[in-house]
Amino acid sequence: MKVNLSPFMRDMVYTTATSIFTIIFLVLTVKFLANGLGAEEFGAYSLARRILSLIEPISTVCIAFSLTRYTAISKVEHYGRDYLLPGTLLVFSSCLLIITVGLLFQHQLSSLIFGDNSHNNLFLAVLFLIVAYSMYLVIYSYYRGLGSMQTANFWQIMLIGFGPFLIALQFARYQNAELIIFLMATLLAIAMIPLLREVSFSKLKDTFSVRNKEVRHLLEYGIPRVPGIFAYNAIFAIGPFLSASSGNLKGSGFIMLGQVILRIIEGGMEAFSRVAFPRIAQLYNEHGKQQIANKVTDFVAMIIHFGLFFSVQVFVWSNELILFWLGVEYEEAGQYVRIISLGILPYLAFICLRNIVDAIEVKAVITKYLLVALIVTSVISVVGVQSTHPTLILSIAFMLGVCSMGILVTIKICRDFSVSLLSLNLIQSLVLNLVFLLLAMGLQLFLHELKSSFVFFSFFLFFQMFLFFVYIMSLHLSGTSWTARIFDRVFGNQQ
């Protein structure tokens, strides 16, 4: 049977491989940092990373969406280069403003974020990280828009995966969160090399009117999305921030571990979004909604099928995974990971389906969904942080916020593209996952004594691979259309 991948599928395979390796490095990085830094310093590191996520939409003016979209749209006529320099200047200006404010109010902001003034140096390292990461996003988004996914994947694996892993491996033992953040920022600053090279090659016309038009396009698309991305990152940051502010840095780290699990699972589905977003934008610009309508139902079904599988398995195995991954010191985090795992399906739905909405809509439709989710998370979090079990309530608040944004975007996609529930094979998927739940619980009892050993992980990995293979083949044999579409593409029957 001959494998004949289309260019789209080839990019998706390479990007999926990159995402998997990035996930592996992320898992190892978190393991080394958690064990090397200790619970308190790891909590400070976790909070610093959340601050980066919270500020990133402001520092980049949502360039990850706007530059990718307009580079893809202008690729045929203008080689996609006209938007690079304006985008770079916008991000640089925004970062300069953030740095200025951060330096002027350094002590006040450091005390507000970390609870006291003992983390001033960590706050300065976070400012450096914000600038470096923002510049990395510019060049990464540009390569995505061009369709140069192999180049984009190279920089991702080096600067987001392998590089941070080496830093954690070598420097975590010093138990210094600010050193880790500073080194990771220095690593990301390497992205300035390809960025300056591409800017020097860009063929931007010399007239002010053209530059003004391109800047206007980026701002009109990006600025309305800033509140939405800010809200999205705030949903992730509220729990760790409130936990740290109440003097519980350890709880902040526990919540982040649950969020990392979501990020890990996201990585397996993320490849499609990264490759498809510029392609969808280009197709929609050239042919309208009809060109992509027949694929959306399959995509929704695939998200639901994967989301159900991962939700069930993480829910069952959360305690054992935390013990094997991070050790007894983090055993308490297992209960919070289990709660957050209930949000896996809606989280995947949001992450993947939002790209369809953003590719075809100039209006920031997703922003209002994120603001609703932020309100849900905030209200529950503010009330819950005063309870006798604050970390538990903060985990529930985060999970419900994630569920809100995923459900809302799924409803919009199903309505706009007339997705029928009958076409999603929900019954087959639910029955299969119920069987897998019972099997997992049975194996869990059998492996209970091995849960902190390498033998456990070997059994667990084999079991998951076996279940996943049975799951996909069962869906395919029951007539699931998205599996048939992928088989046709992979084996050359469909271009």
Side-chain angles (χ1 to χ4, degrees), residues 19 22-23 25-31 33-34 37 39 42-57 113 133 160 164 168 177 181 184 229-245 248-270 307 310-311 314-315 317-319 321-322 325-326 330 332-352 354 370 373-374 376-378 380-381 384-385 390-406:
S19 296
T22 302
I23 290 168
F25 284 128
L26 172 63
V27 170
L28 294 174
T29 298
V30 171
K31 178 179 176 63
L33 289 177
L37 292 176
F42 180 71
Y45 165 82
S46 303
L47 187 56
R49 296 293 304 193
R50 291 277 70 81
I51 296 302
L52 169 65
S53 299
L54 191 63
I55 298 299
E56 174 258 315
I113 293 169
Y133 183 70
I160 305 298
I181 293 293
M184 288 185 176
I229 304 302
F230 183 84
Y232 169 78
N233 290 327
I235 291 168
F236 278 80
I238 284 175
F241 175 74
L242 289 179
S243 183
S245 298
N248 184 16
L249 269 177
K250 183 184 291 189
S252 178
F254 289 163
I255 295 171
M256 187 202 171
L257 287 175
Q259 296 173 347
V260 168
I261 297 294
L262 291 189
R263 299 289 196 188
I264 290 171
I265 295 173
E266 171 192 345
M269 296 285 291
E270 193 179 25
F310 290 129
S311 295
V314 174
F315 183 84
W317 296 100
S318 55
N319 288 334
L321 288 174
I322 290 296
W325 183 20
L326 302 175
Y330 292 88
E332 184 184 347
Q335 60 181 312
Y336 309 123
V337 171
R338 175 167 286 150
I339 291 169
I340 292 173
S341 72
L342 298 175
I344 288 175
L345 172 54
Y347 181 71
L348 287 180
F350 176 80
I351 289 298
C352 296
R354 70 168 299 171
L370 287 166
L374 176 60
V376 171
T377 305
S378 300
I380 300 174
S381 296
V385 77
T391 307
L392 179 67
I393 304 302
L394 290 173
S395 299
I396 294 174
F398 170 74
M399 182 270 293
L400 292 177
V402 166
C403 289
S404 300
M405 65 190 192

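Note that OG of S341 is 14.0 Å distant from CH2 of W317, once rounded to the nearest 0.5 Å. With values rounded to the nearest 0.5 angstrom, R50 atom CZ is found 14.0 Å from F241 atom CZ. Here the OG-CD1 distance, from S311 to I340, works out to 12.5 Å after rounding to the nearest 0.5 Å. For the atom pair CG (L262) and CG (L348), the distance works out to 8.0 Å, reported to the nearest 0.5 Å. If you take CZ on F398 and CD1 on I238, they are separated by 10.5 Å, rounding to the nearest 0.5 Å. With rounding to the nearest 0.5 angstrom, the CD1 atom of I160 is 10.0 Å from the CG atom of L26.
Within the 4.5 Å cutoff, the side chain of L345 has no heavy atoms near those of the F310 side chain. When side chains are defined from C-beta on, I351 counts as touching Y232, because their heavy atoms get closer than 4.5 Å. Using a 4.5 Å heavy-atom cutoff, the side chains of Y336 and L257 are not in contact. The closest side-chain heavy-atom distance from L374 to M405 is not below 4.5 Å. When side chains are defined from C-beta on, Y45 counts as touching M184, because their heavy atoms get closer than 4.5 Å.
The two residues L242 and S381 have their closest heavy-atom pair at CD1-CB, 3.7 Å. The shortest non-hydrogen separation linking S318 to V337 is CB-CG1, 3.8 Å. The heavy-atom pair separating V402 from G343 by the smallest distance is CG1-O, 3.4 Å. The two residues L400 and I380 come nearest to each other via the heavy atoms CD1-CD1, 3.5 Å. Here the shortest heavy-atom pairing between I322 and A333 reads CG2-CB, 4.4 Å. Pairing each heavy atom of A34 with each of Y330, the nearest pair is O-OH, 2.7 Å.
Here the side chain of S404 pairs no donor or acceptor atom with the backbone of A373 at under 3.5 angstrom. At least one donor-acceptor pair under 3.5 Å links the side chain of R338 to the backbone N or O of F315. Between the side chain of S243 and the backbone N or O of P240 there is no donor-acceptor pair closer than 3.5 Å.
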Evaluate the criterion side chain to side chain contact (heavy atoms under 4.5 Å, CB included) for residue pair I261 and V314; output intermediate values, then yes/no. CA-CA 9 Å; I261 297 294; V314 174; 3.9 Å; yes
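A donor and an acceptor atom, one from each side chain of R49 and S46, are nowhere located under 3.5 Å apart.
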